[in-house]
Amino acid sequence: QVQLVESGGGLVQAGGSLKLSCAASGGTFSNYAMGWFRQAPGKERECVAAVSRSGGVTYYADSVKGRFTISRDNADNMVYLQMNRLTPEDTAVYYCAANLRPGVFSIVTKAADYNYWGQGTQVTVSS
């Protein structure tokens with residue numbers, strides 16, 4: 001059983017930056033592919049970024065490519081999402097998720113494929 005706790009959300013002006021953190025516990029962190037999802041009111045949960053177990057393979061949604069960076073530290077059981085040049089369209093609750101995958105280079109982008117979720121952290125971008 002893996003527990004995930006997100007932090008780092010908040011209110012920021014358009015054009016600003018935030019860095020989200022997700023602390024994992026209760027499992028062997030390096031066995032999990034990780035993802036960041038977001039869900040805005042009235043919208044489906046979408047994968048904005050994902051990273052493989054090794055950290056060597058990443059995925060970004062087109063809407064955040066070039067602005068967001070996902071990274072992980074397997075020694076400290078942490079995954080991060082650096083968000084730059086934020087826009088009001090980035091306003092959402094952001095969730096960290098973990099998927100137990102056998103492949104070191106596997107990427108998971110579907111919410112239904114993730115086994116564990118954090119409680120979410122609110123990101124609000126004002127115009």
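Residues M34 and L4 meet the side-chain proximity criterion, which asks for heavy atoms closer than 4.5 Å. When side chains are defined from C-beta on, T87 counts as touching R67, because their heavy atoms get closer than 4.5 Å. Contact of the M78 side chain with the S21 side chain is registered, since non-hydrogen atoms from C-beta on lie closer than 4.5 Å. K19 has its side chain out of reach of L81: every pair of non-hydrogen atoms, C-beta onward, lies at least 4.5 Å apart.
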Where do R53 and N31 land on the side chain to side chain contact (heavy atoms under 4.5 Å, CB included) test, with the steps shown first?
CA-CA 6 Å; R53 289 171 52 192; N31 287 346; 3.4 Å; yes
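Looking at T124 and Q122, their side chains do bring a donor and an acceptor atom within 3.5 Å of each other.
To the nearest 0.5 Å, the span separating OG1 on T109 from CZ on F37 amounts to 7.0 Å. Rounding to the nearest 0.5 Å gives a distance of 10.0 Å between CH2 of W117 and CG of N99. From Q119, atom CD reaches atom CD of Q3 across 12.0 Å, with rounding to the nearest 0.5 Å. Within the model, atoms CD of Q39 and CD of E44 stand 8.5 Å from one another, a figure rounded to the nearest 0.5 Å.
Y95 and Y60 are not part of a single hydrophobic cluster, where members link through side-chain heavy atoms under 4.5 Å apart. There is no path of hydrophobic side-chain contacts, each under 4.5 Å, that joins V5 to V123. Cluster annotation: V64 is not connected to V93 through the hydrophobic network of ILVMFWY side chains, with a link wherever side-chain heavy atoms come within less than 4.5 Å.
Under a 3.5 Å cut-off, the side chain of T28 and the backbone N or O of S30 do not form any donor-acceptor pair.
Ring geometry for F68 against Y94 counts as tilted: the plane angle lies between 30° and 60°, on a 0 to 90° scale.
Taking the centre of each ring, W36 and Y80 stay at or above the 6.0 Å mark.
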